[in-house]
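What follows is a single structure, written as structure tokens, with notes after it.
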2 protein chains.
Amino acid sequence: MEPRKLTRNQTLVLETLTHAEAPLSAYTILDKLRDHGFRAPLQVYRALEKLTEFGIVHRLESLNAFVACTHPHDHGPEKAVIAFAICEDCGQVSEISDPEIEDRLAVLATKQQFKTDKTTIEMRGHCGNCTA
Amino acid sequence: MEPRKLTRNQTLVLETLTHAEAPLSAYTILDKLRDHGFRAPLQVYRALEKLTEFGIVHRLESLNAFVACTHPHDHGPEKAVIAFAICEDCGQVSEISDPEIEDRLAVLATKQQFKTDKTTIEMRGHCGNCTA
DNA sequence: ATTCTCAATGTTATGTTATTACATCAATTG
DNA sequence: CAATTGATGTAATAACATAACATTGAGAAT
Ligand SMILES: [Zn+2]
Ligand SMILES: [Zn+2]
Ligand SMILES: [Zn+2]
Ligand SMILES: [Zn+2]
């Protein structure tokens with residue numbers, strides 16, 4: 001799914017996420033976009049669904065929240081496995097794309113004939129800034 | 001947190017999960033336990049919280065659901081990193097504890113001075129049985 | 001045995017996240 | 001101009017989770 005031209009709603013949601021310092025929930029995005037005509041959750045969820053398909057927004061499962069992609073990895077159909085390091089203090093999220101992890105998980109899956117569609121890796125903890 | 005003696009509610013919730021063939025949501029557990037006197041979500045959530053602390057139940061973040069542990073790994077304070085392979089067809093969940101993955105994630109975290117508290121790894125896909 | 005304490009429980013209400021259903025609109029195309 | 005397709009608007013509801021407060025029950029201290 002290539003990053004084609006975005007619609008108005010998709011653009012607004014993406015900009016909101018891009019300017020945010022931490023992951024945002026769909027409802028937080030909704031609140032931030034009320035002034036731009038957003039009225040209902042679906043307007044946000046529909047935009048998020050597309051943006052996630054395009055690979056320019058990621059959903060953090062352990063947070064029920066979303067971030068704009070900061071690590072322009074493969075946005076094509078061959079999605080790389082991404083690990084997220086999420087700081088509990090400042091909310092900063094860093095993306096890690098590591099072939100070694102990816103390969104090892106592939107080996108482990110194959111070993112039990114498991115066909116992986118999507119992989120979630122999320123580390124919750126404290127970033128360098130917040131530990132210093 | 002050692003697996004000490006379980007309370008009545010904890011036992012009921014754990015048994016429900018143990019007998020289930022797939023991950024269960026808190027509300028599904030609640031419904032299954034109505035006959036045993038359960039009336040409110042909190043009764044389930046409180047039991048799940050403890051069982052998860054004890055390490056004998058796991059929460060699947062990408063599913064908002066819970067499973068009984070099937071792979072008696074380290075239940076002590078030193079919790080191992082567990083990867084889950086979750087079949088979209090039959091719901092079967094297998095637990096994978098792999099030092100190689102664990103070490104590699106530790107290296108990647110350390111590289112950016114990230115201190116990890118908890119790691120989530122979930123693979124969604126199709127198990128051997130369901131692909132055959 | 002009586003009191004104290006703390007963890008677990010019961011109950012109600014509320015907060016948060018996500019989807020269903022249906023009507024409308026706008027761009028593309030034959 | 002239909003007809004199709006994808007996006008949008010809106011209301012209602014479903015699904016997941018927690019806050020607040022009262023009560024109970026088992027073990028420790030006296
Ligand atoms: Zn990314
Ligand atoms: Zn931080
Ligand atoms: Zn386990
Ligand atoms: Zn299966």
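In what follows, chains carry the letters A, B, and so on, assigned in the order in which the sequence lines appear, proteins first and then strands, with residues in each chain numbered from 1.
A:D31 pairs by the salt bridge (Lys or Arg N to Asp or Glu O under 4.0 Å) definition with A:R34, not counting sequence neighbours. Shown here are the salt bridge (Lys or Arg N to Asp or Glu O under 4.0 Å) partners of A:E88, two or more places apart in sequence or in another chain: A:R124. Partners of B:E61 by salt bridge (Lys or Arg N to Asp or Glu O under 4.0 Å), not counting sequence neighbours, listed by chain and number: B:R59.
Under a 3.5 Å cut-off, the side chain of B:K32 and the backbone N or O of B:L17 do not form any donor-acceptor pair. For B:E102 (side chain) and B:A80 (main-chain N/O), no donor-acceptor pair under 3.5 Å exists by modelled atom type.
Side chains of B:Q43 and B:L33 form no contact here, defined as non-hydrogen atoms less than 4.5 Å apart. Contact annotation: the side chain of B:E49 approaches that of B:E53 to within less than 4.5 Å [non-hydrogen atoms, C-beta and beyond].
Hydrophobic clustering, with ILVMFWY side chains joined whenever heavy atoms are under 4.5 angstrom apart, groups B:I121 together with B:F114.
Between the NZ atom of A:K5 and the P atom of C:dA26 there is a distance of 15 Å, rounded to whole Å. Rounded to whole Å, the distance from CG on B:L51 to P on C:dT9 is 10 Å. Rounding to whole angstrom units, CG of residue B:L6 and C1' of D:dA26 are separated by 16 Å. For B:Q10 and D:dG25, the CD to P distance is 17 Å, given to the nearest whole Å. For the pair A:F54 CZ and D:dA7 C1', the interatomic distance rounds to 11 Å; values are reported in whole Å. Put simply, CG on B:N9 is 13 Å from P on D:dG25, counting in whole angstrom units. Rounded to whole Å, the distance from CG on B:L30 to P on D:dA14 is 16 Å. Atom-to-atom, CG of A:N64 to C1' of D:dA17 comes out at 10 Å; the value is rounded to the nearest Å.
In the region residues 12-28 of chain B, proximity to DNA chain D at under 4.0 angstrom, judged on heavy atoms, holds for B:S25, B:Y27. Remark: B:R39, B:A40, B:L42, B:Q43, B:R46 in residues 33-49 of chain B come within less than 4.0 Å of DNA chain C through at least one heavy atom.
Note on A:R8: every side-chain N or O is 4.0 Å or more away from OP1 and OP2 of C:dC25.
B:V67 belongs to a hydrophobic cluster whose remaining members, ordered by chain and number, are B:L60, B:L63, B:I82, B:F84, B:I86, B:V93; membership requires side-chain heavy atoms of ILVMFWY residues under 4.5 Å apart, directly or through intermediates.
With D:dT8, D:dA17, C:dA8 as the candidates, the nucleotide lying closest to the side chain of B:T7 is C:dA8.
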